[in-house]
2 protein chains.
Amino acid sequence: MATNKAGTSQDNVFHKTRRDHSNEIAEDYVEAIAQLHSEDGACRVTRLARRLGVSHVTANRTVARLVSRGLVTTSPYQPIELTDSGRRLARTAKARHEIVIDFLISIGVPAEIATADSEGIEHHCSPETLKAMKHFSNTRNH
Amino acid sequence: MATNKAGTSQDNVFHKTRRDHSNEIAEDYVEAIAQLHSEDGACRVTRLARRLGVSHVTANRTVARLVSRGLVTTSPYQPIELTDSGRRLARTAKARHEIVIDFLISIGVPAEIATADSEGIEHHCSPETLKAMKHFSNTRNH
DNA sequence: CATCATATGTAGCCATGGCTACATGTCAAC
DNA sequence: GTTGACATGTAGCCATGGCTACATATGATG
Ligand SMILES: [Mn+2]
Ligand SMILES: [Mn+2]
Ligand SMILES: [Mn+2]
Ligand SMILES: [Mn+2]
């Protein structure tokens, strides 16, 4: 139905990319928050800001948006906590990120460059693409 | 020097992704403008807007930004023209885009999904990653 | 040459995601 | 208990990239 050939669901391929971008910040933030919990036992906003390369103001305001999306909880001057939903998102984002990095390395991209490129690429990989990547890495690395 | 391990040049890997995103619109626009020139002999703003899945207002304003970047020229009620610089960017963006699509297809991603995912992925692929993709597609497709 | 559909342009709204400058809170060390 | 360093929060700025509603231009058709 409709004059639409692009796969996803709505419309134009560019819409899919824009949708990816609107989820990107949430994914990167919860992944970083989970990392800091592992590394430091807690996630303070200043550390989070440094990790993401933004000012603490930006981090603070973005975290407030994540609260309204139900991904994290905060209380004044306290560390940032993930909700169940946030933890789940962090887990899947991390898994996806690792698939992409490993894949890039397995096709011969130097590790540092794979790390850098994967940070953007990860958000645009549909399940089918991830499946192809995973399959390739596995058969390549025995 | 510095406490920096990430590849590109500045700082944090997230900075690289943000830089990619700030070039993305320009790349997609000039590529689409060049396509419409091929297909229709000229690029009218309304067709461009439809192609990109945005309102004509958004297209118009974005084109104005491209003018100030020296990528296109406009005059009122006339078709949009690419500058030499714009044509060059369109050419490299198109070539890069094709490398990414062909590569995704060659690892087994269905064509429609490869088309959709590549629209975002293309902007995050450094020269090294493109080289690895090109090499892989070539050796795989004989 | 008047009319009208369509294209183009403009005004003004919104959310996001950056920032600096400043204000306030917290906590450890003296 | 004060003090001072550092963390956190707030006010308010900016650019980008979306939009709707409305105004005007253009060009084909009667
Ligand atoms: Mn990322
Ligand atoms: Mn992207
Ligand atoms: Mn493209
Ligand atoms: Mn694109």
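As the structure is a computational prediction, the values presented were derived from the model and not from experiment. Order of the sequence lines fixes the chain letters, A, B, ..., with proteins taken first and strands second; residue numbering starts at 1 for each chain.
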Within residues 44-57 of chain B, the residues having a heavy atom closer than 4.0 Å to DNA chain C are B:R44, B:V45, B:T46, B:H56, B:V57

[X] [atom1] to [N] [atom2]: how many Å, rounded?
{"X": "A:Y77", "N": "C:dT26", "atom1": "OH", "atom2": "C1'", "value": "9 Å"}
{"X": "A:D40", "N": "D:dA7", "atom1": "CG", "atom2": "C1'", "value": "14 Å"}
{"X": "A:I25", "N": "C:dA15", "atom1": "CD1", "atom2": "P", "value": "17 Å"}
{"X": "B:H21", "N": "D:dG17", "atom1": "NE2", "atom2": "P", "value": "11 Å"}

Hey, does the side chain of A:T58 come within less than 4.0 Å of C:dG18's phosphate (OP1/OP2), counting only N and O?
-> no

May I ask you to evaluate whether B:R18 reaches the phosphate of C:dG18, defined as a side-chain N or O under 4.0 Å from OP1 or OP2?
->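 Yes, within the criterion.
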
Take the angle between the ring planes of A:H21 and A:H124 and call it parallel below 30°, perpendicular above 60°, tilted in between.
-> perpendicular

Short side-chain to backbone donor-acceptor contact, [X] and [Y], under 3.5 Å:
{"X": "A:D117", "Y": "B:T129", "value": "no"}
{"X": "B:S118", "Y": "B:I121", "value": "no"}
{"X": "B:T83", "Y": "B:L71", "value": "yes"}
{"X": "B:R47", "Y": "B:L36", "value": "no"}
{"X": "B:R44", "Y": "B:Y77", "value": "yes"}

Which ones in residues 60-69 of chain B lie close to DNA chain D, meaning a heavy atom under 4.0 Å from one of its atoms?
->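 The answer is B:R61, B:R65.
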
Going through the checks in order, is the side chain to side chain contact (heavy atoms under 4.5 Å, CB included) test met by B:L48 and B:V63?
-> CA-CA 10 Å; B:L48 180 62; B:V63 165; 3.8 Å; yes

Salt bridge (charged side-chain N to carboxylate O under 4.0 Å, His left out) involving B:R50 - partner list, sequence neighbours excluded =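 Applying salt bridge (charged side-chain N to carboxylate O under 4.0 Å, His left out) to B:R50 gives none.
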
